[in-house]
Number of protein chains: 2
Amino acid sequence: MDEERIEKLREKGIAPTIQRLVVLQYLEESTTHPTVEEIYEALKGQYPTFSKATVYNTLQVLTQAGLIQELTIEKEKAHYDPRPDIHHHFFCRRCHRIYDVEIDCSVVKRGMVEGHKIEMVQAYFYGLCARCREEGDA
Amino acid sequence: MDEERIEKLREKGIAPTIQRLVVLQYLEESTTHPTVEEIYEALKGQYPTFSKATVYNTLQVLTQAGLIQELTIEKEKAHYDPRPDIHHHFFCRRCHRIYDVEIDCSVVKRGMVEGHKIEMVQAYFYGLCARCREEGDA
DNA sequence: TTTCAGATTTAGAACAAATATAAATCAAGA
DNA sequence: TCTTGATTTATATTTGTTCTAAATCTGAAA
Ligand SMILES: [Mn+2]
Ligand SMILES: [Mn+2]
Ligand SMILES: [Zn+2]
Ligand SMILES: [Zn+2]
């Protein structure tokens with residue numbers, strides 16, 4: 001059930017509309033850090049009048065509320081992550097998959113770098129992923 | 001003199017045209033991690049027929065050659081960094097300044113994370129910079 | 001129940017960064 | 001000097017995102 005999800009939104013003062021619940025559910029069930037386009041394409045069939053503007057609006061609302069986070073790992077388009085906590089990511093240049101990476105960095109924990117107060121962190125590793133490395137070369 | 005700069009380009013097989021030298025020099029003398037717009041605005045007066053397309057082309061060539069690097073620290077627009085080596089950055093939400101941050105991360109040094117081969121790294125810290133913190137609050 | 005007001009959704013226009021295109025210019029070697 | 005390929009340039013196009021204004025929905029008040 002999405003009772004949990006409804007509660008999650010209510011706690012942040014966000015009206016739990018069907019559209020918002022569907023976007024949040026899709027994100028939470030995904031592991032790929034999807035883009036707006038991917039979210040929209042996946043959900044538009046399910047809901048006839050569903051609009052891309054709503055996807056943008058919803059993701060903005062959820063991000064601002066700290067329920068999800070936005071990744072700028074690709075220059076061209078934003079990706080979205082159902083996990084709002086600080087964690088790192090790996091982007092494969094071959095298959096374009098985005099992996100979560102579990103590392104804990106002492107600097108992040110300290111909350112300060114060179115006198116600057118850290119409020120958010122994004123760390124992106126780029127290269128060739130394990131899966132792609134096993135297959136063909138380069 | 002820009003003899004050094006000419007040599008730098010030649011080593012990478014890049015023809016040292018005036019436009020490329022001027023862009024590279026501007027970048028090397030900057031400390032702000034400028035955008036295409038900023039680079040173009042700063043240089044267009046200096047060179048009458050200078051074009052924004054050339055700035056885009058040049059930055060792409062220099063980035064691919066590994067002479068500079070591109071930062072996706074802001075979703076809206078790319079910033080450019082004369083230092084091609086791995087180092088981290090801090091972005092101030094108040095003044096929008098981008099600071100270099102000198103940290104060395106053991107994961108980066110190892111060159112591997114969870115089976116994925118690391119070829120490049122971008123780590124972005126966001127928050128309130130030292131300068132802004134001293135001044136007004138929030 | 002009906003009415004109303006504010007929030008939300010929606011379609012499409014507008015915007016901005018970046019890329020693609022094709023003509024003009026340049027530079028080096030024959 | 002002529003030729004050829006690389007580079008620059010102006011402009012058009014593309015793409016992701018934001019803005020706008022009308023339509024729709026929802027919940028409270030009458
Ligand atoms: Mn993640
Ligand atoms: Mn830097
Ligand atoms: Zn891969
Ligand atoms: Zn600041």
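As the structure is a computational prediction, the values presented were derived from the model and not from experiment. Below, chain A is the first sequence line, B the second, and so on; all start at residue 1.
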Which pairs, protein N/O on one side and nucleotides 25-30 of chain C N/O on the other, fall under 3.5 Å?
none

> Does any pair with a residue in residues 64-74 of chain A pass salt bridge (Lys or Arg N to Asp or Glu O under 4.0 Å), and if so which ones, sequence neighbours excluded?
Replying inline: A/E70-B/K75, A/E74-A/K77
>> Are B/M120 and A/I73 linked, directly or through intermediate hydrophobic residues, by side-chain heavy-atom contacts shorter than 4.5 Å (ILVMFWY only)?
In response: yes
> Which ones in residues 64-79 of chain A lie close to DNA chain D, meaning a heavy atom under 4.0 Å from one of its atoms?
Replying inline: A/E76, A/K77, A/A78
> Are A/E28 and A/K8 close enough for a salt bridge, meaning some N to O gap below 4.0 Å?
Replying inline: yes
>> Looking at A/R83 and A/E102, is there a salt bridge between them, counting it only when a charged N and a carboxylate O are closer than 4.0 Å?
In response: yes
> Taking only residues at least two apart or on different chains, which pairs with a member in residues 55-66 of chain A satisfy salt bridge (Lys or Arg N to Asp or Glu O under 4.0 Å)?
Replying inline: none
> Taking only residues two or more places apart in sequence or in another chain, which ones pass ring-ring contact (aromatic ring centres under 6.0 Å, His included) with B/H33?
Replying inline: B/H89
> A/Y56 OH to D/dT15 P: how many Å, rounded?
Replying inline: 13 Å
> In chain order, what residues pass the side-chain hydrogen bond (donor to acceptor under 3.5 Å, both in side chains) check against B/K12, with sequence neighbours excluded?
Replying inline: none
>> Go nucleotide by nucleotide along DNA chain D from the 5' end; which of B/N57 and A/Q60 gets its closest nucleotide reached first?
In response: B/N57
Check nucleotides 3-7 of chain D against the protein and report each pair of N or O atoms closer than 3.5 Å, with its distance, or say if there are none.
| residue | atom | partner | partner atom | Å |
| --- | --- | --- | --- | --- |
| D/dT7 | OP1 | B/R20 | NH1 | 3.1 |

> Quick one: salt bridge (Lys or Arg N to Asp or Glu O under 4.0 Å) pairs with a partner in residues 13-25 of chain A, sequence neighbours left out?
Replying inline: none
> Salt bridge check: are A/E134 and A/R131 linked by an N-O gap of less than 4.0 Å?
Replying inline: no
>> Just to verify, what does A/Q69 make a side-chain contact (heavy atoms from CB on, under 4.5 Å) with, not counting sequence neighbours?
In response: A/L71, A/D81, A/H87, A/Q122
>> Check this for me, if you would: do B/E119 and B/K117 make a salt bridge, where the nitrogen-to-carboxylate-oxygen distance has to be below 4.0 angstrom?
In response: yes
>> Under the rule for ring-ring contact (aromatic ring centres under 6.0 Å, His included), what residues qualify as partners of B/H88, not counting sequence neighbours?
In response: none
> Among pairs that include at least one residue of residues 51-62 of chain B, which meet side-chain hydrogen bond (donor to acceptor under 3.5 Å, both in side chains), considering only residues two or more places apart or in two chains?
Replying inline: B/E37-B/K52
> Looking at DNA chain C, which of residues 34-54 of chain A put a heavy atom within less than 4.0 Å of it?
Replying inline: A/T49, A/F50, A/S51, A/A53, A/T54
